[in-house]
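Following: one structure in structure tokens, then a few remarks.
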Amino acid sequence: MPSGEYDPVTVEAKWQDRWVDEDTYAYAEDADAVDPDTAFSIDSPPPTVSGSLHWGHAYGFTLQDFVARFERMRGENVFFPFGFDDNGIASERLTEDELDVRHQDYDRREFQRMCREVCEGYEAEFTEKMQGLGISIDWEQTYQTISPAVQRTSQLSFIELYDEGREYRQRAPAIWCPECETAISQVETEDDEQDSHFHDIEFDVVNSEESFVISTTRPELLPACVAVFVHPDDDENEHLVGEEARIPIFGQEVPVIEDDRVDLETGSGIVMCCTFGDQTDIEWYQAHDLDLRIAIDESGTLTDVAGEYAGMSSEEAREAIVADLDEAGALLDRRAITHTVNVHERCGTSVEFLVKDQWYIELLDKTDEYLEAGRQMDWYPEKMFTRYKNWIEGLQWDWSISRQRSSGIPFPVWYCEECEHVVVAERESLPVDPLADDPPVDACPECGHDEFVPEDDVFDTWATSSLTPLINAGWDWDAENGETTLDREELYQFDLRPQGHDIISFWLFHTVVKCYEHTGEVPFDSVMINGMVLDENREKMSKSKGNVVSPDEVVSKYPVDAARYWAAGSAVGDDLPYSEKGLRAGEKLIRKLWNASKLVESLTHEAPAEFDHDELHALDRWLLAELDREIDRVTEKLENREFSKARDGLRSFFWSTFCDDYLEIAKQRVREDDDDSAKYTLRTAHRRFVKLFAPVLAHATEELWRDMYGEEAASVHRAAWPEPLGVDADVAAGETAMAVVGALRKYKSDNQLSMNASVDHVLVYGDVRGFEEDISGVMHVEELETSSEGPPIESVVTGVDLDYSLVGPEFGAQVPDIESAIEAEEYEVVDGELRAGDAELDSEMFTIEEERKYTGEGEMLEAGDAVVIVRHGD
RNA sequence: GGGCUCGUGGUCUAGUGGUUAUGACGCUUCCCUUACAAGGAAGAGAUCGGUGGUUCGACUCCGCCCGAGCCCA
């Protein structure tokens, strides 16, 4: 039995171990039992393995866990798997940092082995911490995105989409670090403030005497200049649009074009476009179908396009070109500035843009369908759909899935050395690594040539992590029947997709796209979006600000259940500030539940297992009826993923109604009268409370449940969610009785009496039938009388209360007149109608406000609709 | 710079057209009441970010401004 103080350190660790050991959260996979209607499947985005678990993980998974536990108790066969996303750049960089190596120095397979080793350590730690948070994951259902099985899935996805004509290969700019000589992704770049120089360079207009000035920090890109841009609002330079400009020294002639991406504030307001100096150049190149002039190669060396400067490094070329511009009279000014440049975060070198052949998944032709797919999902909260919608409507490019990296999941592709014909792997042979494996044909089907070049790019991480529903549902190629199949079809569509709002645009969107293309179905029934965890001052936690609070720190100071309570503290989708107060409130609730449970246990040793509900004492029926209503409320809130409302409503019902109101009365009845009705009710209600709290306070409720109710040593998390009992009660009389008790408490408090001080005489004007003994028992009333007659009080009219929801629509602009008439007391009530100003209001439109005065012996207390007269002391 | 979201007592939060704005934490006062003083009772504390507008009526709807978060540039 629960005794002493609750000891979360011991209790929580004990249950966490047993839940794993006993497979408490196992998905029941036997073929007969599995059916799509009872399987509740969750597909969480697998965390990127890039370090240790942080609050974002803890918070997001805790919210999912509320749903998982709730649905499990409702009888669902919950499939709650767990994956690690460890095929990406983040994991590579973790490996490089950890082992102090460079991926370029190893071949792909060897480097991947190193990644696996490093990631395994982190994954084990991560798993332990997830279990330490009490997340009800089925640890038999785990995957790694780098595993051969997932590589097979990912490559199969590529081949399927290729065969369906959804993928194409095209030359496009890639971000390149000239120092590391590797392509990098956008996420590996960072902004850096650097000192530089603005060079004002004079450009001549072709076939004209005119010239204009361009300010640039990168004169070495002049040979790569393919256009000049003017802002549409730039009246001064508007006349240049449509002309041709001649590049000084190099002499190429380029068009002058207008575009609103020009920054009027910078330099002269006229800007050159070079292929490629920055991201905007790429946009212009694509938007205006410009020429391609590559002036800088992989090593940062000028190419033949640069003429006499070819072979120089970009720094050397810059100095030489500036000197020559000066000599030619084209350099008008040179001044120092600081500006923001994109640098490779590892080495701080400014990035360049190179043009590479890259694979794309076509999106733009089907955005309407993808938008419709998003509409078919239930969004919690609904407002987050807007982000998905805006993202799709703003899409300008197809999805580039090529990454020029030395590890990752390889493209299952070879090219004919002669004609570049694409040869993809056989589906049966997946996964393949074209760098090590041979192509499936001996000769090119197109030209007959027998030498092939392997693709050495790897997939974008999202190309794989967008397949998690298919990975979880066992999507694979059935060679016998020549089709793809789902091994665990009952899981798909997934009932719940939980994730943060920061990854709606790429992760969720790409997952919808891929799964929709492969199955023709939207992968998720519902999407639950969580907000971000902020610090106590509502600011983002970041290492540089030093305001990061780790889950480890918190869990060492507070019970995990307190953290879970805190996590349920805001509307889903809203950001949640870290809050010690929130954690302490959780701790207090756990303690209250524990202490109340001790009391209930001590009172209900010989509680009857059954009791005719109609025979229960009025107060007991009232409590169970109120609890029925609370069960309906909590269930509805949890169904709608309104964890905060479920939590707060249940907490206050438990604390105020059960502990403060009911328990105080019931314990006296049990102690004084050994009342079976009270014992039965206490036990029945308490048992239900333990279940209702279980999704949030997973550990404390498990301890209580196994101790007090654990028939066959079963977990509360496998117990059935409570259904209302349908108990009949006089709810109004109960509420009045509680109001009378409340009024008497206030009376004692106001008169500085202790709560168990006795009161001589109480007269209640109001219906508290069946509750008289309860009131006098708990409030220590010597003599309690009730009266169904009106109280002997005078009523003084103090005003008129209008029901504006009726008066407003009816009288509109007349309302101020009515109000001022009432204010001036120029109104009368005739036959139930209120006449004020020129209006006549029906009786339902107003109520007369009255102040009740009592002049008899004793003191009058107001208790809701009832009036109480107390005589005491003398 | 663009899009979306959020802004409510000191702090966190509920409320999303109907007029004394919910609750928690903290604060003040009282009460050792054999589950819990880490408890109970009562109380103080908010012109609902600012500003215009729509409306008989706005915390709620609309415009603009300010602050914060996320994504995109």
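To find a chain, count down the sequence lines: A is the first, B the second, and so on, and within it residues start at 1. Only heavy atoms go into these numbers, but all of them, side chains included; no hydrogens, no water, no symmetry mates.
- When all heavy atoms of A/M532 and A/D575 are compared, the pair lying nearest together is N-OD1, 2.8 Å.
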Identify all pairs in which a protein N or O lies below 3.5 Å from an N or O of nucleotides 53-62 of chain B, and state each distance.
residue: B/C56; atom: O4'; partner: A/G812; partner atom: O; Å: 3.0
residue: B/C56; atom: O4'; partner: A/A813; partner atom: N; Å: 3.4

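- In the model, A/D259 has a side-chain atom that pairs as donor or acceptor with a side-chain atom of A/H288 under 3.5 Å.
- Summarising the geometry, the separation between CD1 on A/I818 and P on B/U19 is reported as 17 Å, rounded to the nearest angstrom.
- Here A/R671 lies in heavy-atom contact (under 4.0 Å) with sugar-phosphate atoms only.
- Atom CZ in A/R584 sits roughly 17 Å away from atom P in B/A24 (whole-Å rounding).
- Listed nucleotides: B/A35, B/A24, B/C70. Nearest to the side chain of A/A585: B/A24.
- With hydrogens and angles ignored, the 3.5 Å screen pairs no side-chain donor or acceptor of A/W566 with any backbone N or O of A/R584.
- In this structure, the nucleotide among B/C70, B/A24, B/G39 sitting nearest to the side chain of A/R651 is B/A24.
- At a threshold of 4.0 angstrom between heavy atoms, the contacts of A/A571 are confined to the sugar-phosphate backbone, with no base atom among them.
- Picking from B/A24, B/C71, B/A41 the nucleotide with the shortest atom distance to the side chain of A/D660 gives B/A41.
- In this structure, the side chain of A/E664 does not engage the main chain of A/V778 through any donor-acceptor pair within 3.5 Å.
- Between A/Y370 and A/L363, the shortest heavy-atom distance links the atoms CE1-O, 3.9 Å.
- Using a distance-only test at 3.5 Å, with no hydrogens or angles considered, no donor-acceptor pair links the side chain of A/D574 to the main chain of A/S570.
- If you measure from atom CZ of A/R591 to atom P of B/C36, you get 13 Å, rounded to the nearest angstrom.
- For the pair A/K645 and B/U13, the criterion of a side-chain N or O lying under 4.0 Å from OP1 or OP2 is not met.
- Distances from the side chain of A/K588 to the nucleotides B/C4, B/G39, B/A24 place B/G39 closest.
- Going from the C1' atom of B/U34 to that of B/C48 covers 46 Å, rounded to whole Å.
- In this structure, NE2 of A/H501 is placed 9 Å from C1' of B/C6, rounded to the nearest angstrom.
- With hydrogens and angles left out, the side chain of A/E664 and the base of B/A35 share a donor-acceptor pair within 3.5 Å.
- Side-chain N/O atoms of A/K592 and base N/O atoms of B/C36 include a donor-acceptor pair closer than 3.5 Å.
- To the nearest angstrom, P of B/U5 lies 8 Å from CG of A/N390.
- Applying the 4.0 Å criterion to OP1 and OP2 of B/C30, one finds that A/R745 has every side-chain N and O outside that range.
- Between A/P577 and A/F506, the residue whose closest nucleotide on RNA chain B is further toward the 5' end is A/P577.
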Could you provide the dot-bracket string of RNA chain B, using ( ) for intrastrand pairs, [ ] for crossing pairs and | for bases paired to another strand, with Watson-Crick or G-U pairs below 3.5 Å?
-> ((((((((.[[[..)..(....]]].(((((.......))))).....[[[[[..)....]]]]]))))))).
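- Atom name C1', nucleotides B/G67 and B/C31: the rounded distance is 45 Å, in whole Å.
- Checking side-chain atoms of A/S656 against main-chain N and O of A/F653 turns up no donor-acceptor pair under 3.5 Å.
- A/W594 has its CH2 atom 12 Å from the C1' atom of B/A35, to the nearest Å.
- Residue A/E773 qualifies as open at atom CD: its count of foreign heavy atoms under 6.0 Å is 12 or below.
- With salt bridges taken as basic N to acidic carboxylate O contacts below 4.0 Å, one links A/R629 and A/E735.
- For the P atoms, the distance from B/G9 to B/U33 is 39 Å, rounded to whole Å.
- Across all strands, A/S579 comes closer than 4.0 Å to no nucleic acid atom at all (heavy-atom distances).
- Between the CD atom of A/Q668 and the C1' atom of B/U33 there is a distance of 10 Å, given to the nearest Å.
- The gap from the C1' atom of B/U51 to that of B/U13 amounts to 26 Å, rounded to the nearest Å.
- Looking only at distances, a side-chain donor or acceptor of A/E12 sits under 3.5 Å from a matching main-chain atom of A/D561.
- Relative to the side chain of A/C659, the nucleotides B/A35, B/G69, B/A42 differ in distance, and B/A35 lies closest.
- Across all strands shown, A/D648 has no heavy atoms under 4.0 Å from either base or sugar-phosphate atoms.
- Counting heavy atoms of neighbouring residues, nucleotides and ligands inside a 6.0 Å radius, atom CD of A/E393 exceeds 12 of them.
- Between the C1' atom of B/C6 and the CD1 atom of A/I529 lies a distance of 16 Å, rounded to the nearest Å.
- For A/A646 against A/L638, the heavy-atom pair with the smallest separation is CB-CD2, 3.8 Å.
- Distance noted for atom P between B/G45 and B/G10: 12 Å (whole Å).
- An OP1 or OP2 oxygen of B/G3 is reached within less than 4.0 angstrom by no side-chain nitrogen or oxygen of A/K383.
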